[in-house]
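Below is one structure, written out as structure tokens; comments come after it.
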Amino acid sequence: MKNRIMIDCETLGTNVDSQIVSIGACAFDILGNTHKELHEHILMDMDAHINATPGTIKFWMEQARDNYLAVATTFNNPDRVKMPMALQKLGNLVREYPDAEIWANGTKFDIAMLEYQYKLHDMPVPWKHNSDRCMRTLRAYFPVSLEFEGIQHNALDDAIYQAKYVAKSLRHAGFNS
């Protein structure tokens, strides 16, 4: 059976160097079952300069209370870790699933931001350069209906939903592994 990992990041911007505030990831199978999950809240130095985009800040301010709190609580989460530790934990998850497809809701966002962070922190990117897969493309060609469970814009809840969506869409397209 093919190994797949879904990754989702919550950020303060849309540029590759924007501040990541949380990372969610899960390994999943063709039936949409998750096998291992990761949810890391990033500890930021409150005096540090960060990269953000005004449109993203506006987006967060306009979110419903539960969605907004998914990011706002990151700043007070007692389990926050520094970015290198979050990257190491994500890398450990990826290495548990050799040759896994690495999925995201657009490879130019989550995956590109994480690859930028790995390089910035002088750490090797834990997935192969050709293992990235794009949920947006799959969604355009093989749309399916799937109700969201959890809190939108919670990185782990988003990753789990996206994994289930990809699995259902792949099955709809005729894939069985």
Side-chain angles (χ1 to χ4, degrees), residues 1-11 14-43 70 74 77 79-144 146 148-150 152-177:
M1 185 173 287
K2 192 173 281 273
N3 293 315
R4 295 178 175 94
I5 296 173
M6 177 61 74
I7 298 174
D8 186 77
C9 297
E10 298 305 328
T11 70
T14 55
N15 297 327
V16 72
D17 64 347
S18 294
Q19 180 64 51
I20 297 172
V21 294
S22 63
I23 301 169
C26 62
F28 67 101
D29 62 31
I30 193 68
L31 298 176
N33 300 314
T34 59
H35 302 288
K36 184 124 186 195
E37 299 173 356
L38 172 80
H39 194 195
E40 295 299 328
H41 298 275
I42 308 306
L43 174 64
T74 292
N77 188 310
D79 297 324
R80 293 173 295 167
V81 298
K82 291 186 177 185
M83 181 58 77
M85 178 58 71
L87 295 172
Q88 181 179 346
K89 289 180 177 185
L90 178 60
N92 292 342
L93 171 68
V94 170
R95 284 185 284 281
E96 285 185 44
Y97 298 89
D99 299 318
E101 295 176 345
I102 306 300
W103 286 84
N105 192 15
T107 59
K108 292 171 67 175
F109 190 78
D110 306 85
I111 291 174
M113 287 182 168
L114 288 166
E115 288 179 350
Y116 174 85
Q117 289 295 322
Y118 276 109
K119 290 174 184 167
L120 182 67
H121 289 92
D122 199 27
M123 299 171 75
V125 175
W127 49 81
K128 295 180 181 177
H129 74 280
N130 61 351
S131 65
D132 59 320
R133 303 290 185 270
C134 180
M135 179 182 159
R136 289 180 185 165
T137 302
L138 192 61
R139 188 173 53 209
Y141 289 105
F142 302 103
V144 295
L146 183 67
F148 190 93
E149 296 175 11
Q152 289 183 331
H153 308 301
N154 170 294
L156 180 57
D157 289 350
D158 284 356
I160 291 170
Y161 168 78
Q162 291 164 194
K164 290 179 180 185
Y165 189 99
V166 164
K168 186 174 182 179
S169 188
L170 286 173
R171 290 192 314 272
H172 178 72
F175 290 83
N176 56 14
S177 68

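Only heavy atoms go into these numbers, but all of them, side chains included; no hydrogens, no water, no symmetry mates.
Atom CZ of Phe148 has more than 12 neighbouring heavy atoms from other residues, nucleotides or ligands inside a 6.0 Å radius. Annotation for Asp122: atom CG does not count as buried by contact number, only 12 or fewer foreign heavy atoms lying within 6.0 Å. Around the CE atom of Met123, the shell of radius 6.0 Å holds more than 12 heavy atoms that belong to other residues, nucleotides or ligands.
Residues Met6 and Thr34 form no side-chain contact, since every pair of their non-hydrogen atoms from C-beta on lies 4.5 Å or further apart. By the 4.5 Å heavy-atom criterion applied to side chains, Glu115 and Val16 are not counted as neighbours. For the pair Glu10 and Asp158, the minimum side-chain heavy-atom distance is below 4.5 Å. For the pair Phe175 and Lys2, the minimum side-chain heavy-atom distance is 4.5 Å or more. By the 4.5 Å heavy-atom criterion applied to side chains, Ile23 and Ile42 are counted as neighbours. Residues Trp127 and Leu90 meet the side-chain proximity criterion, which asks for heavy atoms closer than 4.5 Å. Arg139 places a side-chain heavy atom less than 4.5 Å from the side chain of Asn105. Residues Thr11 and Ile20 meet the side-chain proximity criterion, which asks for heavy atoms closer than 4.5 Å.
Listed by first then second residue, pairs satisfying side-chain hydrogen bond (donor to acceptor under 3.5 Å, both in side chains) with a partner in residues 168-177 number zero, not counting sequence neighbours. Residue pairs meeting the salt bridge (Lys or Arg N to Asp or Glu O under 4.0 Å) criterion with at least one partner in residues 16-37, sequence neighbours excluded, are Lys36-Glu96.
Nearest heavy atom pair, residue Ser131 against residue Ala100, reads CB-O, 3.5 Å. The shortest heavy-atom contact between Leu93 and Ala25 is CD2-CB, 3.7 Å. In plain terms, the two heavy atoms of Ser18 and Met113 that are nearest each other are CB-CE, 3.9 Å.
Every ring pair (Phe, Tyr, Trp, His ring centres under 6.0 Å) that His153 has, sequence neighbours left out, goes to Phe59, Trp60.
Between the side chain of Tyr165 and the main chain of Leu146, no donor-acceptor pair closer than 3.5 Å is present. A distance-only check finds a donor-acceptor pair linking the side chain of Asp110 to the backbone of Cys9 [under 3.5 Å].
How far CG of Leu43 is from NE2 of His41: 12.0 Å, rounded to the nearest 0.5 Å. Atoms CG and CZ, from Asn15 and Phe109 in turn, are 9.5 Å apart once rounded to the nearest 0.5 Å. The distance from atom CG of Asn154 to atom OG of Ser22, rounded to the nearest 0.5 Å, is 7.0 Å. We find the CG-OG1 distance between Asp132 and Thr107 to be 5.0 Å, quoted to the nearest 0.5 Å. Here the CG atom belonging to Asn92 is positioned 11.0 Å from the CG atom belonging to Leu87, to the nearest 0.5 angstrom. Tyr118 OH to Gln88 CD: the interatomic distance, rounded to the nearest 0.5 Å, is 9.0 Å.
For the side chain to side chain contact (heavy atoms under 4.5 Å, CB included) test with Val94, the passing option among Val125, Leu38, Ile5 is Ile5; the others fail.
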Pair Arg133-Arg4, side chain to side chain contact (heavy atoms under 4.5 Å, CB included): steps then yes or no: CA-CA 10 Å; Arg133 303 290 185 270; Arg4 295 178 175 94; over 6 Å; no
Test log, rule side chain to side chain contact (heavy atoms under 4.5 Å, CB included), inputs Val166 and Phe28: CA-CA 10 Å; Val166 164; Phe28 67 101; 3.9 Å; yes
